[in-house]
2 protein chains.
Amino acid sequence: MESEGERAGRPATLADIAMRAGVATSTASRALSNPGRVNAATRERIERVAAELGYSPNSQARALTSGRTGAIAVLVSDVTNPFYFGIIRGTQRQLKASGYSQLLIDTEESDQNEDALLHRLRSSFDGAILSASRLSDRALAELAAELPLVAINRQTRGVPSVVIDTPGGIVQAVGHLVSLGHHEIAYVSGPETSWSNESRWRAFVKATAAHGVTGKRLGPFSPRQRAGAAAADAALNAGVTAVIAFNDLLAIGMLQHLASRGVRVPHDLSIVGCDDIFGADFCNPPLTTLTAPIEQAGRLAVTLLLARLDPRSAPSARQAAVLPTYLTVRSSTGRSPGPRA
Amino acid sequence: MESEGERAGRPATLADIAMRAGVATSTASRALSNPGRVNAATRERIERVAAELGYSPNSQARALTSGRTGAIAVLVSDVTNPFYFGIIRGTQRQLKASGYSQLLIDTEESDQNEDALLHRLRSSFDGAILSASRLSDRALAELAAELPLVAINRQTRGVPSVVIDTPGGIVQAVGHLVSLGHHEIAYVSGPETSWSNESRWRAFVKATAAHGVTGKRLGPFSPRQRAGAAAADAALNAGVTAVIAFNDLLAIGMLQHLASRGVRVPHDLSIVGCDDIFGADFCNPPLTTLTAPIEQAGRLAVTLLLARLDPRSAPSARQAAVLPTYLTVRSSTGRSPGPRA
DNA sequence: TCACGGGTTGCAATCGTTTGCCACTATTTG
DNA sequence: CAAATAGTGGCAAACGATTGCAACCCGTGA
């Protein structure tokens with residue numbers, strides 16, 4: 001665990017190694033990063049000295065010439081949102097496995113921030129993963145042209161992406177609710193600038209229409225737990241018997257507020273969430289939700305990104321991946337109480 | 001939002017600016033990063049050109065000479081654990097506010113990983129925040145000597161730290177349980193290599209002794225939700241009427257398992273958690289727990305670290321901060337059912 | 001014996017920025 | 001009026017690694 005290194009204060013450099021091994025720095029460099037180019041005996045000697053000195057290459061210096069930093073930026077629009085925990089986890093795991101490090105950036109739901117930070121830190125990473133980007137299609141496409149990136153939950157022409165097919169799940173969810181006798185269903189909207197939100201809404205409209213039931217739209221609401229209170233009240237006012245919420249955070253917030261108002265779930269109102277975040281299984285009642293392979297999406301995004309970074313890989317690698325979602329029925333949905341007054 | 005920049009492909013450099021403004025690169029450099037050193041008119045011209053070109057300094061190159069990268073490493077022992085979400089949030093926020101970026105590192109509960117990663121990436125960050133370090137006191141002190149760091153929830157001589165006074169909260173929690181008539185209480189232990197775990201246990205021992213009640217130790221258990229099942233069974237076997245769990249994750253896991261076994265909380269068994277993580281307020285029943293200012297701890301750690309990084313600040317700035325914890329009573333604790341068979 | 005070529009190694013430029021030092025000008029001071 | 005001083009700006013050397021090119025050694029085939 002304890003490395004020998006750091007003789008007189010600061011870390012050993014290639015020059016130190018070269019001197020101690022009696023070679024030029026160029027040889028030392030090659031021995032360590034381009035082993036074929038140097039005699040086996042010399043290389044071994046250099047490697048030994050490097051180990052003795054506890055050498056580890058200065059990534060800044062390396063980045064300066066090679067242009068590669070070994071870091072990937074992961075942008076989330078809100079570090080506070082448990083959905084992104086899954087993204088952070090998935091990307092972290094996969095990056096680590098590939099020897100990359102993770103630069104975590106919170107854009108605070110602002111496209112300005114997103115763009116500015118990305119440019120400001122441009123030289124600090126090799127590529128970026130944008131989860132839930134708030135950029136316009138045009139801005140995103142331009143960005144994709146100037147730096148390697150993969151978007152999560154955002155489909156735009158010319159931008160490689162990983163999308164979780166929550167809209168597909170919405171269809172299942174509507175079917176589930178209809179089968180339980182619900183005729184008046186609402187979609188509790190999240191931020192209107194969110195691509196996911198809009199694509200979920202479109203799927204909702206289509207599915208309710210297909211089943212011949214009423215589909216209302218409530219909101220927009222901030223995708224936070226606290227906003228659940230307002231959303232719950234809105235749902236009660238709307239006179240629906242079931243809702244599908246933009247995400248679990250909102251749904252859980254609704255659950256809490258409804259409990260405090262004495263409204264029983266699912267007896268009086270059925271609720272379906274999206275994403276199946278941490279907590280969806282142990283809230284009260286446990287939430288029926290669309291289980292999304294969030295962590296897997298993060299891993300896959302990394303894989304895609306690293307593949308385009310690798311010059312050896314086919315340039316026209318797969319551009320877009322879609323991950324399936326399925327409906328996890330727990331206890332927040334039940335038979336319709338019938339039309340309300 | 002859209003920066004003008006990037007004429008012929010790649011980003012503008014200081015040299016580009018200098019040429020376009022008709023000055024030497026050194027002047028351009030000073031104009032942008034050491035404004036006092038250059039004539040106001042020249043500076044303004046340079047700044048204008050820089051803006052036109054959408055210049056943003058190459059942080060790698062800057063780091064090479066100045067030794068400052070503008071990044072801080074944040075180490076967590078498990079990205080999966082919601083406790084660290086608070087740390088990630090708090091540090092991210094504060095770092096961003098100070099213009100730093102965050103390098104997120106998962107050590108996977110391994111001291112080897114911790115040490116190796118820190119050394120390997122040494123040149124990529126200016127300082128590090130170690131939350132729940134698994135390093136030995138000695139290794140930690142050595143590390144603190146060679147790089148600026150702040151530890152969270154880890155008190156070691158010579159290492160600046162932010163600790164959350166959960167042990168103090170444990171005393172309150174034991175008092176709470178005793179007042180509810182509990183005489184046989186268990187501490188559900190987390191990893192034995194965790195400093196927090198051991199200091200919580202010591203506080204528990206002291207508090208139970210002071211109240212003259214029996215205090216058992218169960219475990220160790222992995223600090224995960226799934227481990228709650230084993231912990232719950234152990235608690236039932238131990239014949240206690242109340243437990244204090246190492247963390248909320250374990251406590252919530254216990255809640256779930258107990259519900260599935262038909263054991264009523266708090267009627268049959270009272271449970272107290274630690275940390276008050278996301279979800280502790282909406283699980284079933286809502287968890288009585290020690291509310292820890294986790295996010296604040298993250299922010300404070302950043303503040304401390306940045307202060308020692310700043311050469312202008314007093315070198316002997318405060319070395320250790322202790323953040324208070326308080327008991328949040330919800331519904332997982334209640335009167336003792338009396339001694340069990 | 002000589003030219004050739006493969007295998008190794010070194011030289012030196014380069015990446016983009018910072019910074020110590022010097023030069024030059026204009027202003028102040030004795 | 002000479003000299004000290006403050007205010008500006010440029011030159012060039014770092015920082016630590018990579019890499020194109022040239023040099024060298026040695027063995028081989030002619």
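Per chain, numbering begins at 1; letters A, B, ... match sequence-line order. Computed over heavy atoms, backbone and side chain alike; hydrogens, waters and symmetry mates excluded. Predicted model only: the values in this text are computed from it and were never measured.
- Here side chain to side chain donor-acceptor pair (under 3.5 Å) pairs that include residues 148-158 of chain A, with residues two or more places apart or in two chains, are D137(A)-R154(A), D137(A)-T156(A), R154(A)-T156(A).
- Side-chain atoms of T42(A) lie closest to dT9(C) of the nucleotides dT18(C), dG10(C), dT9(C).
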Check the interface with nucleotides 20-27 of chain C: list each N/O to N/O pair with the protein under 3.5 Å, or write none.
{"unit_1": "dG20(C)", "atom_1": "O6", "unit_2": "R30(B)", "atom_2": "NH1", "d": "3.4"}

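- At least one side-chain heavy atom of L104(A) sits less than 4.5 Å from a side-chain heavy atom of V79(A).
- Residue I46(B) contributes atom CD1, which lies 13 Å from atom P of dT17(C) at whole-angstrom precision.
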Solution key, residues 67-77 of chain B side-chain donor-acceptor pairs under 3.5 Å, sequence neighbours excluded:
{"unit_1": "R68(B)", "atom_1": "NH2", "unit_2": "Y100(B)", "atom_2": "OH", "d": "2.7"}
{"unit_1": "T69(B)", "atom_1": "OG1", "unit_2": "A71(B)", "atom_2": "N", "d": "3.1"}
{"unit_1": "T69(B)", "atom_1": "OG1", "unit_2": "S124(B)", "atom_2": "O", "d": "3.4"}
{"unit_1": "T69(B)", "atom_1": "OG1", "unit_2": "D126(B)", "atom_2": "N", "d": "3.4"}
{"unit_1": "T69(B)", "atom_1": "OG1", "unit_2": "D126(B)", "atom_2": "OD1", "d": "2.9"}
{"unit_1": "S77(B)", "atom_1": "OG", "unit_2": "Y84(B)", "atom_2": "OH", "d": "2.8"}

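- Side-chain contact between F125(A) and L118(A): present, with at least one pair of heavy atoms (C-beta onward) separated by less than 4.5 Å.
- Two residues are said to be in side-chain contact when any heavy atoms from C-beta on lie closer than 4.5 Å; L305(B) and V302(B) fail this criterion.
- Nucleotides of DNA chain C nearest to T25(A) and N34(B) differ in position, and the one nearer the 5' end is that of T25(A).
- One axis for each end of the helix from dT1(C)-dA30(D) to dG30(C)-dC1(D), each built from five base pairs, and the angle between them comes to 60° at 10° resolution.
- Checked for salt-bridge contact, K96(B) and E108(A) meet the test: a charged N lies under 4.0 Å from a carboxylate O.
- When DNA chain D is scanned in the 5' to 3' direction for atoms under 4.0 Å from non-hydrogen atoms of chain A, the outermost contacting nucleotides are dG16(D) to dC21(D).
- Distance M19(A) CE to dG10(C) C1': 15 Å, rounded to the nearest Å.
- Under the 4.5 Å side-chain criterion, counting only non-hydrogen atoms from C-beta, S194(A) is in contact with R134(A).
- A salt bridge does not link R122(A) to D115(A): none of the charged side-chain nitrogens sits closer than 4.0 Å to a carboxylate oxygen.
- Spacing between atom CZ of R10(B) and atom P of dG16(C) amounts to 7 Å, rounded to whole angstrom units.
- Ionic pairing of R48(A) and E44(A) is not present here: no N-O contact between side-chain nitrogen and carboxylate oxygen is shorter than 4.0 angstrom.
- For the pair E44(A) CD and dT8(C) C1', the interatomic distance rounds to 17 Å; values are reported in whole Å.
- Side-chain atoms of S33(A) do not come within 3.5 Å of backbone N or O of R30(A) as any donor-acceptor pair.
- Against DNA chain D, the stretch residues 59-73 of chain B makes heavy-atom approaches under 4.0 Å through L64(B), T65(B).
- Between the S110(B) side chain and the Q112(B) main chain, a donor and an acceptor come within less than 3.5 Å of each other.
- Contact annotation: the side chain of L130(B) approaches that of L140(B) to within less than 4.5 Å [non-hydrogen atoms, C-beta and beyond].
- When side chains are defined from C-beta on, T13(A) does not count as touching N58(A), because their heavy atoms never get closer than 4.5 Å.
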